[in-house]
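Heads up: the structure comes next, in structure tokens.
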Amino acid sequence: MRRKTTWIWIAWLTTFALALFCVSIVVKGVLRDRRVGEPVLSLDLARASNWRSTRFRVWGSGVYTLFISSVNWDSTFTGEPLGAELEVAVLTPSGKPVFQRVYAARSTGHVLPINYGDSQLADVSLRDWPVRRYTLAARVLAPDEHFKTAQSALKLYKQRYDPGMGGMMNYVMIFPAAVFMFLAIVAAVSLARAGKRVPIVITTVAGAVLLVFIAT
């Protein structure tokens, strides 16, 4: 009986570890595609404003693309070049600017889209540890009323290798993750019947988190 319990422990540890490994691949893909942690700063381009800012962390070194985007459902002024004047800055944790520029009216190449549109403004090289937080800041010096129907934002996205269709593998791994998690639950139930309740608690919590993750 003791030997059988040992094998069940091995089965639970193995399947649970494999489930966590598969889930980690899925999470990595989701974080990459959702740009988690990369700053987005909303702007009202139809009104002059003081400095607005959002903070973010720099993970290692890389080149970040700064661009402006707009979502618009009103076709009245579609195609109108952005006439607002902007000042944009990226600041270190100590407040020192690593990038700062004023964009004059019609200099960004950005136009009012019928649906969604964005325009690249600059590339910024950053390098640091995530224990410190940088700041993306901007202010509207002169507004453009044509953009009053648009929701606009500045975005600072890190340049990454594009996996193309290979990136789908990150999501396909949800299926083996579910299979291994089910097998881990079966082994955990067997251990619970033998009086070992810790595995069933751990597996149930992990399984619930996995279901919530799939649902969202």
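All residue numbers in this chain count up from 1 along the given sequence.
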*asked:* Tell me every residue that passes side-chain hydrogen bond (donor to acceptor under 3.5 Å, both in side chains) with Q120, counting only those two or more places apart in sequence or in another chain.
replied: D123
*Might you point out which heavy atoms bring L136 and F56 nearest each other, and give the distance in Å?*
N-CE2, 3.8 Å
*What's the spacing between W9 CH2 and K196 NZ if we round to 0.5 Å?*
7.0 Å
*Spatial distance of atom OG1 (T149) from atom CZ (F77) [nearest 0.5 Å]*: 8.0 Å
*Please check if any side-chain donor atom of N72 sits under 3.5 Å from a side-chain acceptor atom of S70, or the reverse.*
no
*Nearest 0.5 Å please: distance from the CZ atom of R133 over to the CG atom of D128.*
13.0 Å
_Heavy-atom pair of closest approach, residues R139 and E87_ = NH2-OE1, 2.7 Å
*Measure across R132 and P93 and return the closest heavy-atom pair with its distance rounded to 0.1 Å.*
CB-CG, 3.5 Å
*For the residue pair Y103 and F99, does the interplanar ring angle fall in the parallel (under 30°), tilted (30 to 60°) or perpendicular (over 60°) class?*
tilted
*Going from OG1 on T78 to CG on L112, what distance comes out if it is rounded to the nearest 0.5 angstrom?*
5.5 Å
*Hey, can you tell me if F67 and Y157 have their rings parallel, tilted or perpendicular (30° and 60° cut-offs)?*
perpendicular
_If you apply the rule side chain to side chain contact (heavy atoms under 4.5 Å, CB included), what do you find for I68 with L45, and how did you get there?_
CA-CA 11 Å; I68 186 170; L45 298 174; 4.1 Å; yes
*With side chain to side chain contact (heavy atoms under 4.5 Å, CB included) as the test, would you mind laying out the steps for D144 and F147 before giving the verdict?*
CA-CA 6 Å; D144 183 353; F147 276 73; 3.5 Å; yes
*Identify the heavy atoms of V140 and L86 that sit nearest to each other, and give their distance.*
CG2-CD2, 3.9 Å
*Looking at R106 and E85, does any basic side-chain N land under 4.0 Å from a carboxylate oxygen?*
no
*asked:* Restricting to non-hydrogen atoms, name the atom on S125 and the atom on V63 that form the minimum distance, rounded to 0.1 Å.
replied: OG-CG2, 3.8 Å
*How far apart are the C-alpha atoms of L141 and V102, what are their side-chain angles, what is the distance that settles it, and do they pass the side chain to side chain contact (heavy atoms under 4.5 Å, CB included) test?*
CA-CA 9 Å; L141 300 174; V102 174; 4.0 Å; yes
*L91 and V124: same hydrophobic cluster, using ILVMFWY side-chain contacts below 4.5 Å?*
no
*Validation row: R55, T135 side chains within 4.5 angstrom (heavy atoms)*: yes
*In this structure, are over 12 heavy atoms from other groups packed under 6.0 Å from Q151 atom CD?*
no
_Do F16 and I202 make a side-chain contact, defined as non-hydrogen atoms from C-beta onward lying under 4.5 Å apart?_
yes
*Taking all non-hydrogen atoms of both residues, which atom of T203 and which atom of M181 are closest, and how far apart?*
CG2-SD, 4.0 Å
*Is the OH atom of Y116 crowded by more than 12 outside heavy atoms at less than 6.0 Å?*
yes
_Applying a strict under-4.5 Å side-chain criterion to I, L, V, M, F, W and Y, I'd like to know whether W59 and L126 cluster together._
no
*Rounded to the nearest 0.5 Å, how far does CG of D118 lie from OG1 of T108?*
11.0 Å
_Transitive ILVMFWY side-chain link L41 to V98, under 4.5 Å_ = yes
_Quick check: do P39 and K155 have side-chain heavy atoms less than 4.5 Å from each other?_
no
*Counting only N and O atoms by type, is there a donor-acceptor contact under 3.5 Å from the side chain of T14 to the main-chain atoms of A11?*
no
*Any chance you could measure S152, atom OG, to L43, atom CG, to the nearest 0.5 Å?*
7.0 Å
*L82 versus V111: any side-chain heavy-atom pair under 4.5 Å?*
no
*Given side chain to side chain contact (heavy atoms under 4.5 Å, CB included), test L154 with V88 step by step and report yes or no.*
CA-CA 9 Å; L154 284 173; V88 183; 3.7 Å; yes
*Do the side chains of Y64 and V58 get nearer than 4.5 Å, heavy atoms only?*
yes
*Between the main-chain N or O of P130 and the side-chain N or O of R57, is there a donor-acceptor pair closer than 3.5 Å?*
yes
*Around atom CH2 of W51, are there more than 12 heavy atoms of other residues, nucleotides or ligands at under 6.0 Å?*
yes
*Would a hydrophobic clustering, with Ile, Leu, Val, Met, Phe, Trp and Tyr connected at side-chain separations under 4.5 Å, put F180 with I174?*
no
_If hydrophobic clusters are built from ILVMFWY residues whose side chains come within less than 4.5 Å, do V186 and V189 share one?_
no
_With a 3.5 Å distance limit and no angle check, can you tell me whether T204 reaches the backbone of V201 through a side-chain donor-acceptor pair?_
no
*Under a 4.5 Å cut-off applied to non-hydrogen side-chain atoms, are L191 and T5 in contact?*
yes
